[in-house]
Amino acid sequence: MRYWLLKSEPDVFSFADLKKRPHKTEPWNGVRNYQVRNMMRDHMAPGDLGFFYHSSCPQPGIAGIVRIVKEAYPDPTQFDPASEYFDSGSRTENPRWLMVDVKWEAGFKTFVSLDMLRSDPALAGMLILRRGNRLSITEVTEKEWKRICELGGL
DNA sequence: GCCAACGTTGGC
DNA sequence: GCCAACGTTGGC
């Protein structure tokens, strides 16, 4: 079992939005990066846990925990011309883009801000803190996972 | 296969 | 709105 960090812009879809969904579950659609797609396909599995990270917003940081509840499967938005995620180069018989389903698992007692992540020496190696990192999903080590859960009050 | 141009991400 | 970083595109 692995640990992940998933970025989302809270204006578009927030951790609170996820909690309000039926079964607190939502397909993680819109991934259009090959590295991230491959990671979902090859390394993510139901049961894995992830941090829900708010990006591109006044207060970037981690709001809580989600669980991966469905393995990678074709993202239907790639075939929908009305969708902003439409990809005319993708074929139904060989879908280019995949998604997983995630479920709201637990909210942090304390929001773990980007500042808190940066200022903790135990987290200095995190991919999310690297300059220029643009992957919307990154893997988190078990040590990092436990430390961040402490910071979040869990 | 190279690489310049362009687009996107995301913190500030 | 700025800008650094990096992925993608497309001409050659």
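In what follows, every chain begins at residue 1, and chains take the letters A, B, ... in the order their sequences are listed. Since the structure is predicted, the reported quantities are computational estimates derived from the model, not experimental observations.
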What I want to check is whether the side chains of [X] and [Y] have a donor and an acceptor closer together than 3.5 Å.
| X | Y | value |
| --- | --- | --- |
| A:W28 | A:D101 | no |
| A:S113 | A:D115 | no |
| A:S55 | A:E9 | no |

Could you say whether A:R131 or A:N33 is positioned toward the 5' end of DNA chain C, judged by the nucleotide with the nearest heavy atom to each?
A:R131
Length of the line joining [X]:[atom1] and [N]:[atom2], which is rounded to integer Å:
| X | N | atom1 | atom2 | value |
| --- | --- | --- | --- | --- |
| A:L114 | B:dT9 | CG | P | 18 Å |
| A:L117 | B:dG10 | CG | P | 15 Å |
| A:N133 | B:dT9 | CG | P | 13 Å |
| A:E84 | B:dG7 | CD | C1' | 15 Å |
| A:Y85 | B:dT9 | OH | C1' | 13 Å |
| A:R118 | B:dC12 | CZ | C1' | 10 Å |
| A:L129 | B:dG11 | CG | P | 10 Å |
| A:Q59 | B:dG11 | CD | P | 12 Å |

Select one nucleotide: of [options], the one nearest the side-chain heavy atoms of [X].
| X | options | answer |
| --- | --- | --- |
| A:Y34 | C:dT8, B:dG10, B:dC12 | C:dT8 |
| A:Q35 | C:dG7, B:dC12, B:dG10 | C:dG7 |
| A:S55 | B:dC12, C:dT8, B:dG10 | B:dG10 |

Could you check whether any side-chain N or O of A:R96 sits under 3.5 Å from a backbone N or O of A:G89, counting only pairs where one atom can act as donor and the other as acceptor?
yes
Does any N or O in the side chain of A:Q78 come within less than 3.5 Å of the main-chain N or O of A:W97, such that one atom is a donor and the other an acceptor?
yes
Any Lys/Arg nitrogen of A:R32 or A:D87 sitting under 4.0 Å from an Asp/Glu carboxylate oxygen of the other?
no
May I ask you to decide whether A:E150 forms a salt bridge with A:R147, counting only side-chain N to carboxylate O separations under 4.0 Å?
yes
Would you say A:K7 places a side-chain N or O within less than 4.0 Å of OP1 or OP2 belonging to B:dT9?
no
Below the 4.0 Å mark, does B:dT9 have OP1 or OP2 next to a side-chain nitrogen or oxygen of A:Y53?
no
Between the protein and nucleotides 2-5 of chain B, list the N/O to N/O atom pairs that are separated by less than 3.5 angstrom.
none

Mark yes or no: A:K70 above the aromatic ring of A:Y73, with NZ or CZ under 6.0 Å from the six-membered ring centre and no more than 45 degrees from the axis.
yes
Watson-Crick and G-U pairing of DNA chain B written in dot-bracket, each distance under 3.5 angstrom, with | for inter-strand partners:
||||||||||||
Counting neighbours of CZ on A:R130 that are heavy atoms of other residues, nucleotides or ligands and sit closer than 6.0 Å, is the number greater than 12?
no
